[in-house]
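Throughout, a chain's letter reflects where its sequence line sits, starting with A, and its residues are numbered from 1.
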Amino acid sequence: MSALSTIRSRPEDLKRAIALRNKPYPDVDALVTLDTECRQLAGAVNALRAKRNEQAHKLADAKKAGGAVDAAVSRELGELRDTIAADEAKLQKCESERDALLLLFPQIPHPTVPVGKDGTENVVVREVPSTVRTIPEPKPHFVLGPELNILDTERGAKVSGEGFYFLVGDGARLEMALITFMRETHRKAGYTELLPPILISSASMTGTGQLPKFAEDSYKTVLDDLWLAPTAEVPLTNLYRDEVLLGTDLPLKVMAFTPCFRREAGGHGVETRGIARVHQFNKVELVNFVHPNSSYDQLETLLSEAEAIVQALGLRYRIFNLCTGDLPDKAAKCYDIELWAPGAARWLEVSSVSNFEDYQSTRAGIRYRETQAAKPEFVHTLNGSGTALPRLMVAVMETWQTSPGRIEVPPVLRPYLGGQTHLEPTPFVGERELGRGRRGWNAG
RNA sequence: GCUGAGGUAGCCUAGCCCGGGAAGGCGCCAGCCUUGAAAGCUGGUGGCGGCAACGCCACGGGAGUUCAAAUCUCCCCCUCAGCGCCA
């Protein structure tokens with residue numbers, strides 16, 4: 001949603017933005033017409049209510065002076081009430097239609113966003129090579145992981161279904177090390193760490209733009225109006241929903257490590273092999289509440305904060321400036337960071353760094369006041385993955401195969417793994433493994 | 001889950017029993033005063049519409065009664081306390 005005032009004052013800008021996005025959206029003129037209608041209705045209702053109030057006050061004054069209530073006036077006011085009620089119903093219908101329509105409109109892309117029809121026209125900002133000497137033919141994680149028994153997708157599918165997995169032994173420890181490494185890095189960059197709720201109300205899901213459009217992408221609980229957070233962006237951004245922040249609070253930087261849940265309906269095939277696309281994953285998320293004047297400077301800072309992670313791990317990566325045709329509705333500008341997975345020979349999106357401007361703050365009512373006497377203004381919200389774990393794990397496992405069948409621990413992570421230099425295999429457990437020529441270390 | 005007490009502007013509070021233009025304080029802003037500041041005094045400090053004067057809306061949300069609802073009735077949400085259950 002762009003703010004209603006933008007649509008009123010600059011409908012042409014919105015039209016142009018929509019055209020650039022190369023996707024179908026509701027008609028801007030229809031919205032403007034609807035809005036005009038609402039305002040006319042509001043004016044009419046307003047006048048009627050003024051008349052009613054004036055009469056009712058006279059009646060109240062008369063009664064206070066000791067007189068009786070005039071039956072004729074009373075009846076007249078009763079009729080007026082019914083007229084007003086009918087008009088109010090029309091107004092309410094008009095406004096709810098307008099507001100529902102408004103929620104469907106995308107944010108206006110920033111001038112520095114390249115124009116393009118779809119993802120193929122995203123612009124590479126930079127590509128950075130790996131600093132790791134990987135063996136000639138590294139195995140993909142979905143081969144190496146099960147071989148070392150640090151990743152178990154079969155039992156994940158048994159327990160929860162397709163798209164769920166277990167990390168085992170040093171696999172789990174590597175992920176926890178990455179998480180702690182990222183949390184510490186971001187903390188040093190000035191982030192306040194939060195452990196947020198991950199069951200989310202519909203109001204909060206609407207506030208960040210997950211609803212109404214992406215309801216089918218999220219999991220919802222059966223007995224309560226609660227959704228499983230698809231990203232920590234939702235609780236983090238809603239932290240200050242319906243609040244007025246102080247000008248001196250900004251920029252406000254918060255982060256959280258949480259599991260994320262996505263239905264990923266319809267996403268099957270080669271790309272889902274392994275853990276590159278799953279229903280539940282962990283992520284460290286960064287959210288910034290920023291003064292509108294500095295949100296684009298802050299976007300670059302945020303990008304560098306996410307980039308610092310992949311850089312420290314020596315991974316090959318590239319950064320895209322998403323073109324208008326690929327830009328998410330809620331974003332005015334968005335960078336994607338992709339990691340190279342040498343085993344699977346694929347690029348994997350591991351972080352999305354966006355400036356939403358006031359898209360979320362208008363929906364969620366997050367404002368700030370420059371001074372106590374000033375009017376509250378909407379903040380700009382930014383977020384960035386810092387970063388998503390499964391794809392980071394994939395890139396680390398595949399890149400750090402410095403000897404055949406072995407995974408080295410990146411030096412920056414060793415403090416979090418007791419100084420360990422390589423991941424150790426986990427013993428196999430159970431009779432099912434015997435048939436595959438595998439057996440646990442304790443067997444026989 | 002049960003019982004009770006609550007939810008009023010950025011914050012704190014009065015009004016509710018007994019229906020009739022939401023009072024006051026704090027904080028903040030401006031003006032006056034002052035060499036400057038503080039204190040003091042005056043005014044302003046929720047949203048929408050309007051150039052304006054002004055009008056309307058807003059007392060957790062929704063419905064109802066009534067000429068008229070912060071106030072009465074019903075439903076729902078949330079907070080706190082006690083009890084119950086529970087990792």
What's the [atom1]-[atom2] distance between [X] and [N], to the nearest Å?
| X | N | atom1 | atom2 | result |
| --- | --- | --- | --- | --- |
| A:Q92 | B:rG61 | CD | P | 14 Å |
| A:I84 | B:rC67 | CD1 | P | 14 Å |
| A:D242 | B:rC77 | CG | P | 19 Å |
| A:R81 | B:rU65 | CZ | C1' | 9 Å |
| A:E37 | B:rG49 | CD | P | 17 Å |
| A:L59 | B:rA69 | CG | C1' | 15 Å |
| A:Q40 | B:rG50 | CD | C1' | 15 Å |
| A:D224 | B:rC77 | CG | C1' | 13 Å |

According to a 3.5 Å limit on both distances, what stems of 3 or more consecutive Watson-Crick or G-U pairs are formed with RNA chain B?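 Paired runs of 3+ in RNA chain B: B:1-7 with B:77-83, B:10-12 with B:24-26, B:27-32 with B:40-45, B:46-49 with B:54-57, B:60-64 with B:72-76.
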Taking for each residue the nucleotide of RNA chain B bearing the nearest heavy atom, is the 5' side occupied by A:D61 or by A:V244?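 Looking at the nearest nucleotide for each, A:V244 comes out on the 5' side.
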Starting from the 5' end of RNA chain B, give me the residue, A:R39 or A:R367, whose nearest nucleotide shows up first. A:R367
Single hit among A:T381, A:N288, A:N355, A:D358 for side-chain hydrogen bond (donor to acceptor under 3.5 Å, both in side chains) with A:S295: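 Single pass found, and it is A:N355.
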Walk me through whether A:D225 and A:K220 qualify under salt bridge (Lys or Arg N to Asp or Glu O under 4.0 Å). CA-CA 8 Å; A:D225 180 29; A:K220 189 171 191 295; 3.6 Å; yes
Any pair counted as side-chain hydrogen bond (donor to acceptor under 3.5 Å, both in side chains), so long as it reaches residues 72-91 of chain A, sequence neighbours left out: A:R49-A:E88
Using the [atom1] atom on both, measure [N] against [M] and round to a whole Å.
| N | M | atom1 | value |
| --- | --- | --- | --- |
| B:rG1 | B:rA58 | P | 31 Å |
| B:rC72 | B:rA14 | P | 16 Å |
| B:rC33 | B:rC18 | C1' | 47 Å |
| B:rC17 | B:rC26 | P | 29 Å |
| B:rG62 | B:rA70 | C1' | 16 Å |
| B:rC76 | B:rA69 | P | 24 Å |
| B:rC11 | B:rU65 | C1' | 35 Å |
| B:rU71 | B:rA37 | C1' | 46 Å |

Is there a ring pair (Phe, Tyr, Trp, His ring centres under 6.0 Å) between A:H279 and A:F261 once you walk through the steps? CA-CA 6 Å; A:H279 293 308; A:F261 303 90; over 10 Å; no
From the list [options], which nucleotide is the closest neighbour of the side chain of [X]?
| X | options | answer |
| --- | --- | --- |
| A:L77 | B:rG20, B:rG49, B:rC67 | B:rC67 |
| A:K63 | B:rC67, B:rG47, B:rG20 | B:rG20 |
| A:R369 | B:rG47, B:rG10, B:rU66 | B:rG10 |

Between [X] and [Y], does any side-chain N to carboxylate O distance fall below 4.0 Å?
| X | Y | result |
| --- | --- | --- |
| A:R183 | A:E193 | yes |
| A:R262 | A:D217 | no |
| A:E154 | A:K158 | no |

How far apart are the C-alpha atoms of A:K253 and A:E305, what are their side-chain angles, what is the distance that settles it, and do they pass the salt bridge (Lys or Arg N to Asp or Glu O under 4.0 Å) test? CA-CA 12 Å; A:K253 296 163 74 173; A:E305 286 164 353; 2.9 Å; yes
Under a 3.5 Å threshold, yes or no: a donor from one side chain and an acceptor from the other, between A:E243 and A:Y368? no
Assign a letter to each nucleotide of nucleotides 51-60 of chain B from its 5' end: B, base within under 4.0 Å of a protein heavy atom; S, sugar-phosphate only; -, no contact. ----BSS---
Does A:Q92, at its CD atom, have more than 12 non-hydrogen atoms belonging to other residues, nucleotides or ligands within less than 6.0 Å?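 For A:Q92, atom CD is not crowded (no more than 12 foreign heavy atoms under 6.0 Å).
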Ring geometry between A:F164 and A:Y219 (parallel below 30°, tilted from 30 to 60°, perpendicular above 60°):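 The rings of A:Y219 and A:F164 sit tilted, inter-plane angle from 30° to 60°.
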